[in-house]
Enquirer: 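One structure follows; several queries about it will come next.
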Amino acid sequence: MINITLPDGSVRQVESGSSAMDVAKSISEGLARNVLSAKVNGEVWDANRPMTTDATLQLFTWNDKDGKTTFWHSSAHLMAEALEALYPGIKLGIGPAIDTGFYYDVDAGDRVISTNDLPAIEKKMQELARQKNDYVRKDISKADAVAYFEEKGDQYKLELLEGLEDGEITFYTQGGFTDLCRGPHIPNTGTIKAVKLMNVAGAYWRGDEKNQQMTRIYGVSFPKQKELTEYLHLLEEAKKRDHRKLGAELDLFMFSDRVGAGLPIWLPKGNALRERLMNFLREEQEKRGYKMVTTPHIGKKELYVTSGHYEKYGEDSFQPIKTPRVDEEFLLKPMNCPHHCEIFAHRPHSYRDLPLRIAEFGTVYRYEQSGELHGLSRVRGFTQDDAHIFCTPDQLKEEFLNVLDLTETVLKKMGFEEFTAQISLRDPDNPSKYIGSTENWEAAESAIINATQEVGLSTTTELGEAAFYGPKLDFMIKDALGRSWQLGTIQVDYNLPERFELEYIGADNKAHRPVMIHRAPFGSMERFISILIENTAGKFPLWLTPEQYAILPISDKFNGYCEEVQQALATHDIRGFIDDRNETIGRKIRDTELKKIPIMLIVGEKEAEGNAVSVRIQGEGDKGAMSIEEFVAYFKELL
RNA sequence: GCCAGCAUAGCUCAGUUGGCCAGAGCAGCUGAUUUGUAAUCAGCGGGUCGGGGGUUCGAAUCCCUCUGCUGGCUCCA
């Protein structure tokens, strides 16, 4: 007998060789039906894998993240089985579960798999699921595994096998399909009741663009049809929050083929929003001792040769601008930091002047790959809320913490509760991607790690995500469809001060090198606003929204009074417009609701006579009549 | 940049296997209506079917190419 400890601390004695499923059955049949996988001594296992030692056991169902992962991974195998049936000789890469389902990378040779083929594959999957085949785990020797895939002619699996140790290799089989896999899997294909294949995409084998491009098929699956229907509905709802759609509907910004791809054009309302965001940050920065500067949109090529940007990005970026002089070239600025370094270098600095905090809403231009352009989130011309702090090494920690505080203030003000703070470090396997000495990098990396630990910020760490001149602390926020974007960033840089030979005179009357912090709490105005639109579904906070109210006269007889109201409100810095179209009040209300104007002021005979307005709140409804003074007070409450 | 798709009026979309002057709703314009909390009524205008090239007696429809867009991959200072 062995002792199985459950999460609640209770211990059950079962026979050695019992599985998690056996334990589930001993608890209840209902539970057993829903068990997908289990965590045994901290490792996720097949529910039916025999346990032979004392163990802690946690059962996973669809309600657990690990349960879903197992379910989707098994669904990927089911899809592979269907693909083998429909496309004999197809070669398989990898097929993992992801946050929202699963995918499998396949190489179908000359055959093209497109979205048109997905329904047939789904149908085959459903047919195979109905066979209710068990997923069967089997240990296999490396030699036998290699022999199997040589026979099958699947070079991708053979390549994967090269990286595996003999003795740790397992195969999983369901029905007529066998795959190299460490598992775990759900007990039976019959559990997969609903399948939807979402799309196909090209994906390079092992994520390297030098390798063969495979076809990646994305799908999602559920234990119940109803859950699939609900999921698809949720996706539809999320699409309504897409900033590209709302940006057009709310007249915030546009793109023009003639101006060029990835070059956003801000329309009056979007620009008003953008200006308000910038003013908010200007005020915060002023409180914190930043000085604003303005630098040109171009700079001599040598500036970027000095900074290292040219060597790193020159080939793949906007090409130099020529002048009538043959030996003269300028670059559109891809970053503001070289200009700001020149500001620092402009005159000598005493340690007493530091930290020097130089801020600029700097518009930069980067030639992003055409396939990468995405609404406002990934563009070729954008404005960073940039600043560079030049400080002594002793001041670094405090300055970093100040910036961290500013960034958190900004995120909080915008109501972004769910963000990830990601420490982006060097890729240790690829040192040639970075400039500067190992000592500089280590100092910068530990500065970030220590500071975040000190304030107890919970972080994730990603290797290889650093900038070429230094490590970063990046704030990642998700868009409506769950894709993660980097917004704010704080970067510690010992390298550019070296390249620009920046110095200050210390208390010892000797020259010292400053440390530089690059930081942008919004990241870029464009991307930040894209996320703001998606998070608010276009219903911006009252202080930020371009138009706070609309006055809706019941008939044009009251237009004069409406103008009086508008003027009265303007004196209280309350902004809005009068909808004086010759339309019914019902129509005006409907249009205003759809434009997501927060407040409607309805004005007819009663209001005009009583010096009042009838207040209606977007999405809520009628709040009744109030005097102008009462409304102003009410408005201040809402702010 | 790569893979797979998409591109018809300002917007959302119809347009049968290539075949008569390319349609609808909304928006717009004109007129009527002077309106009380999510669409007043009537009339009118608007499209080189993304650009270019080709196949064909004939192309929105088939082929090539360019541009833009969508979903991924790679990239992201």
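Below, chain A is the first sequence line, B the second, and so on; all start at residue 1. All of these numbers come straight from a predicted model, not from anything done at the bench.
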Enquirer: Under 4.0 Å, heavy atoms only, any strand: does D622(A) hit a base, just the sugar-phosphate, or nothing?
Expert: base

Enquirer: Among pairs that include at least one residue of residues 104-121 of chain A, which meet salt bridge (Lys or Arg N to Asp or Glu O under 4.0 Å), considering only residues two or more places apart or in two chains?
Expert: D105(A)-R216(A)

Enquirer: When the ring planes of Y365(A) and H297(A) are compared, do they come out parallel, tilted or perpendicular, using 30° and 60° as the limits?
Expert: tilted

Enquirer: Does anything in residues 100-123 of chain A pair up under ring pair (Phe, Tyr, Trp, His ring centres under 6.0 Å), and if so which pairs, sequence neighbours excluded?
Expert: Y103(A)-Y218(A)

Enquirer: Enumerate the protein-to-nucleotides 25-32 of chain B contacts in which both atoms are nitrogen or oxygen and the separation is below 3.5 Å.
Expert:
| from | atom 1 | to | atom 2 | distance (Å) |
| --- | --- | --- | --- | --- |
| rA27(B) | OP1 | R587(A) | NH1 | 2.8 |
| rA27(B) | OP1 | R587(A) | NH2 | 3.1 |

Enquirer: When rounded to the nearest Å, what value does the distance between P atoms of rA59(B) and rG18(B) take?
Expert: 13 Å

Enquirer: Within the distance-only criterion (no hydrogens, no angle test), does the side chain of K588(A) pair as donor or acceptor with the backbone N or O of D579(A) below 3.5 angstrom?
Expert: yes

Enquirer: Return the set of residues passing ring-ring contact (aromatic ring centres under 6.0 Å, His included) with F522(A) (not counting sequence neighbours), or none when no residue passes.
Expert: F528(A)

Enquirer: Can you tell which of rC75(B), rG5(B), rA38(B) lies closest to the side chain of E593(A)?
Expert: rA38(B)

Enquirer: Rounded to the nearest Å, what distance is computed from the CG atom of residue L376(A) to the P atom of nucleotide rC69(B)?
Expert: 12 Å

Enquirer: Determine the contact category for H374(A): base if any of its heavy atoms lies under 4.0 Å from a base atom, sugar-phosphate if only primed atoms, P, OP1 or OP2 are that close, otherwise nothing.
Expert: sugar-phosphate

Enquirer: Which part of the nucleic acid, if any, lies within contact of R616(A), taking any heavy atom under 4.0 Å across all strands shown: a base, the sugar-phosphate backbone alone, or nothing?
Expert: base

Enquirer: Using the C1' atom on both, measure rA32(B) against rA14(B) and round to a whole Å.
Expert: 32 Å

Enquirer: Would you kindly compare Y313(A) and A261(A) by the position of their nearest RNA chain B nucleotide and give the one closer to the 5′ end?
Expert: A261(A)

Enquirer: Evaluate the ring-ring contact (aromatic ring centres under 6.0 Å, His included) criterion for residues F344(A) and H388(A): first the C-alpha distance (whole Å), next the side-chain angles of each, then the deciding distance (0.1 Å), finally the verdict.
Expert: CA-CA 10 Å; F344(A) 184 89; H388(A) 295 93; over 10 Å; no

Enquirer: Check each residue of residues 551-562 of chain A for a non-hydrogen atom within less than 4.0 Å of any atom in RNA chain B, then write out the ones that pass by number, or none.
Expert: I554(A), S555(A), D556(A), K557(A)

Enquirer: Is there side-chain contact between I113(A) and I90(A), with heavy atoms separated by less than 4.5 Å?
Expert: yes

Enquirer: Please state whether the rings of H243(A) and F253(A) are parallel, tilted or perpendicular, taking 30° and 60° as the class boundaries.
Expert: tilted

Enquirer: Between D591(A) (CG) and rU40(B) (C1'), how many Å, whole number?
Expert: 13 Å

Enquirer: Taking the same atom, C1', in rG71(B) and in rU35(B), what whole-Å distance lies between them?
Expert: 47 Å

Enquirer: Near RNA chain B, which residues from residues 597-609 of chain A have a heavy atom under 4.0 Å away?
Expert: I602(A), G604(A), E605(A), K606(A), E607(A)

Enquirer: Could you tell me whether E605(A) and K557(A) make a salt bridge, using a distance below 4.0 angstrom between a side-chain N and a carboxylate O?
Expert: no

Enquirer: With Watson-Crick and G-U wobble geometry limited to distances under 3.5 Å, how should the secondary structure of RNA chain B be encoded in dot-bracket form, using | for bases paired to another strand and [ ] for crossing pairs?
Expert: (((((((..((((.....[...)))).(((((.......))))).....(((((..]....))))))))))))....

Enquirer: With the threshold set at under 4.0 Å for non-hydrogen atoms, list the residues of residues 486-502 of chain A touching RNA chain B in residue-number order.
Expert: none

Enquirer: To the nearest Å, give me how far apart CG (L481(A)) and P (rG71(B)) are.
Expert: 8 Å

Enquirer: With respect to L601(A), which candidate in I628(A), I578(A), L569(A) satisfies the side chain to side chain contact (heavy atoms under 4.5 Å, CB included) definition?
Expert: L569(A)

Enquirer: Which residues in residues 240-259 of chain A have a heavy atom closer than 4.0 Å to any atom of RNA chain B?
Expert: R244(A), D257(A)

Enquirer: Hey, can you pull the residues of residues 201-215 of chain A with a non-hydrogen atom under 4.0 angstrom from RNA chain B?
Expert: A201(A), G202(A), A203(A), Y204(A), G207(A), E209(A), Q213(A)

Enquirer: Using the P atom as the point on both nucleotides, what is the distance between rA38(B) and rG1(B), in whole Å?
Expert: 50 Å

Enquirer: Between R206(A) and D208(A), does any side-chain N to carboxylate O distance fall below 4.0 Å?
Expert: no

Enquirer: A side-chain contact here means heavy atoms from C-beta on lying under 4.5 Å apart; do I217(A) and L83(A) qualify?
Expert: yes

Enquirer: Minimum heavy-atom separation for W266(A) to I529(A), with atom names?
Expert: CH2-CD1, 3.5 Å

Enquirer: Identify all side-chain donor-acceptor contacts of residues 612-624 of chain A below 3.5 Å with residues at least two apart in sequence or on another chain.
Expert:
| from | atom 1 | to | atom 2 | distance (Å) |
| --- | --- | --- | --- | --- |
| S614(A) | OG | E607(A) | OE2 | 2.6 |
| R616(A) | NE | E593(A) | OE2 | 2.9 |
| R616(A) | NH2 | E593(A) | OE2 | 3.0 |
| Q618(A) | OE1 | K539(A) | NZ | 3.3 |
| Q618(A) | NE2 | E593(A) | O | 3.0 |
| E620(A) | OE1 | K623(A) | NZ | 3.0 |
| D622(A) | OD1 | G624(A) | N | 2.9 |

Enquirer: In whole angstroms, how far is the P atom of rG5(B) from the CE atom of M198(A)?
Expert: 18 Å

Enquirer: Tell me: CD of E620(A) to C1' of rA38(B), nearest whole Å?
Expert: 15 Å

Enquirer: To the nearest angstrom, how far is I113(A) atom CD1 from rG5(B) atom C1'?
Expert: 15 Å

Enquirer: Is a side-chain N or O of K239(A) found less than 3.5 angstrom from the main chain of L481(A), in a donor-acceptor match?
Expert: no

Enquirer: When the C1' atoms of rA27(B) and rC64(B) are considered, how many whole Å apart are they?
Expert: 37 Å

Enquirer: For the residue pair H339(A) and P296(A), establish whether any side-chain heavy-atom pair is separated by less than 4.5 Å.
Expert: yes

Enquirer: Looking across every strand, which nucleic acid part, if any, lies under 4.0 Å from T592(A) by heavy atom: base, sugar-phosphate, or nothing?
Expert: nothing

Enquirer: Which part of the nucleic acid, if any, lies within reach of K239(A) when heavy atoms closer than 4.0 Å are counted: base, sugar-phosphate only, or nothing?
Expert: nothing

Enquirer: When you compare rA9(B) with rG28(B), how far apart are their C1' atoms, in angstrom units rounded to a whole number?
Expert: 11 Å

Enquirer: I need the CG-P distance between L373(A) and rC69(B), as an integer number of Å.
Expert: 6 Å

Enquirer: Select base, sugar-phosphate, or nothing to describe what V364(A) touches, counting heavy atoms under 4.0 Å on all strands.
Expert: nothing

Enquirer: Across the strands shown, which category fits Y469(A) at heavy-atom distances under 4.0 angstrom: base, sugar-phosphate, nothing?
Expert: sugar-phosphate

Enquirer: Provide, to the nearest angstrom, the distance between the CG atom belonging to D117(A) and the P atom belonging to rC3(B).
Expert: 17 Å

Enquirer: Determine whether a donor-acceptor pair (N or O, by modelled atom type, separation under 3.5 Å) exists between the side chain of W441(A) and the backbone of I435(A).
Expert: yes

Enquirer: Is the count of non-hydrogen atoms from other residues, nucleotides or ligands lying under 6.0 Å from Q212(A) atom CD greater than 12?
Expert: yes

Enquirer: Between rU65(B) and rU55(B), how far apart are the two C1' atoms, rounded to whole Å?
Expert: 15 Å

Enquirer: Using the P atom on both, measure rA42(B) against rU61(B) and round to a whole Å.
Expert: 36 Å

Enquirer: Which residues satisfy the ring-ring contact (aromatic ring centres under 6.0 Å, His included) test with F419(A), sequence neighbours excluded?
Expert: F475(A)

Enquirer: Would you say the side chains of Q422(A) and S424(A) form a donor-acceptor pair under 3.5 Å?
Expert: yes

